[in-house]
There are 2 protein chains.
Amino acid sequence: MNYTIGQVAKINHLSISQLRYYDNQGLFPFLKRTEKGDRVFDEDALKFLEIILCLKNTGMPIKDIKQFVDWSMTGEDTLPQRLEMMKQQEIKVLHQIRDTEENLTKIQQKIARLEREMKK
Amino acid sequence: MNYTIGQVAKINHLSISQLRYYDNQGLFPFLKRTEKGDRVFDEDALKFLEIILCLKNTGMPIKDIKQFVDWSMTGEDTLPQRLEMMKQQEIKVLHQIRDTEENLTKIQQKIARLEREMKK
DNA sequence: ATACAACCTAAACCTAAGTTGAGGTCAAGG
DNA sequence: CCTTGACCTCAACTTAGGTTTAGGTTGTAT
């Protein structure tokens, strides 16, 4: 099954211009085009997009994602680099979660304090 | 105990210019100054900074934080608004954590796939 | 035929969150 | 004295991550 840019945007809750911007930044080197020039996302492209968004949503800058994408296109030689990058990202995300949980606790304490103040 | 901007920067792992920028954005209306004009952070300021950073680190934009700070300076009339804002933020952070955990899982699956590919 | 919807490009524009640089004040130490 | 370090202001600059605009093509429905 193939998808247009508009469909992909809806599926992933992105804007069309965002997808075009990512393409221009080199994040979709695997994208095909129709004869008239429209971008075509196939199932593989959607699969790949998923991991790209995953990296983006955990705070990886676009140029680093591009590095990963470029490595992915070069073949098996770069498997070690890609693995290393994902492991680094895993560590980063684990820290993110811990930090965010700490901040959650602080916010909840603030809520409790505010509620106590309001009752007085 | 009082602290200079440099000390506060070190304690909280921020740059001095970041702290000055926040002050210019109106995030520190409670800040005192020495006669020569240097910013003085007292214990209360540090306490307040902690909650400000907590909001900032969970993705709240500076102008929203300023709203919260402004409310905090006005007295008890704004307790309900502040409470509501913190509750909204709590919800946002809970979602953040869930989303990040999902992304973590995907990254870990990617790691597993890459490791399988490398063994072949 | 024509109008509309969905796609395209290239370039300009925008916003948030800072950083940098020039020029200045003050206190302490050698 | 004078230099060094830590602070100050104000304005200009930067960067990332987009959005917007203007102008153009194509396919389908009226």
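Below, read A as the first sequence line, B as the second, and so on, with proteins coming before strands; counting in each chain starts at 1.
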So T4(A), base contact, sugar-phosphate only, or nothing? Heavy-atom distance under 4.0 Å.
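T4(A): backbone/sugar contact only, no base atoms under 4.0 Å.
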
With a 4.0 Å cut-off on heavy atoms, is T34(B) in touch with a base, just the backbone sugar-phosphate, or nothing at all?
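Nothing: the residue T34(B), judged by heavy atoms under 4.0 Å, touches no strand.
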
Test applied, side chain to side chain contact (heavy atoms under 4.5 Å, CB included); reference residue, W71(B); option that passes from D77(B), T78(B), L79(B):
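Answer to the side chain to side chain contact (heavy atoms under 4.5 Å, CB included) test with W71(B) among D77(B), T78(B), L79(B): T78(B).
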
Identify the residue among L31(A), N2(A), T4(A), I11(A) that makes a side chain to side chain contact (heavy atoms under 4.5 Å, CB included) with F41(A).
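Among L31(A), N2(A), T4(A), I11(A), the one that satisfies the side chain to side chain contact (heavy atoms under 4.5 Å, CB included) with F41(A) is L31(A).
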
Map R33(A) and K36(A) onto DNA chain C by nearest heavy atom, then report which one ends up closer to the 5' terminus.
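The answer here is K36(A).
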
Taking atom [atom2] of [N] as reference, at what distance in whole Å does atom [atom1] of [X] sit?
| X | N | atom1 | atom2 | answer |
| --- | --- | --- | --- | --- |
| L27(B) | dA16(C) | CG | C1' | 13 Å |
| Q18(A) | dC8(C) | CD | C1' | 18 Å |
| Y21(A) | dC14(C) | OH | C1' | 13 Å |
| I16(A) | dG17(D) | CD1 | P | 21 Å |
| I5(B) | dT9(D) | CD1 | C1' | 12 Å |
| N24(B) | dC7(D) | CG | P | 16 Å |
| E35(A) | dG27(D) | CD | P | 9 Å |
| D38(B) | dA28(C) | CG | C1' | 14 Å |

Does a side-chain N or O from [X] land closer than 4.0 Å to OP1 or OP2 of [N], or not?
| X | N | result |
| --- | --- | --- |
| R20(A) | dT9(C) | no |
| S15(A) | dT19(D) | yes |
| Y22(B) | dG18(C) | yes |

For residues 48-65 of chain B, which residues have at least one heavy atom under 4.0 Å from DNA chain D?
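Contacts with DNA chain D under 4.0 Å: none.
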
With a 4.5 Å cut-off on side-chain heavy-atom distances among I, L, V, M, F, W and Y, is there a chain of contacts connecting I97(B) to I91(B)?
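No: no chain of side-chain contacts under 4.5 Å links I97(B) to I91(B).
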
Under a 4.5 Å cut-off applied to non-hydrogen side-chain atoms, are R20(A) and R39(A) in contact?
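The answer is yes, as the side chains (C-beta and beyond) meet within the 4.5 Å cut-off.
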
Is there a side-chain contact between D23(B) and I5(B), using heavy atoms and a 4.5 Å cut-off?
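They are not in contact (no side-chain heavy atoms under 4.5 Å apart), so the answer is no.
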
Between K92(A) and D64(A), is there a side-chain N and carboxylate O pair less than 4.0 Å apart?
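A salt bridge is absent here (no side-chain N lies under 4.0 Å from a carboxylate O).
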
Which nucleotide in the list dC8(D), dG18(D), dT9(C) gets nearest to the side chain of R39(B)?
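Given the options dC8(D), dG18(D), dT9(C), the side chain of R39(B) is closest to dC8(D).
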
Distance-only side-chain donor-acceptor flag, T58(B) / Q96(B), under 3.5 Å
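Checked: T58(B)/Q96(B) side chains show no N/O donor-acceptor pair below 3.5 Å.
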
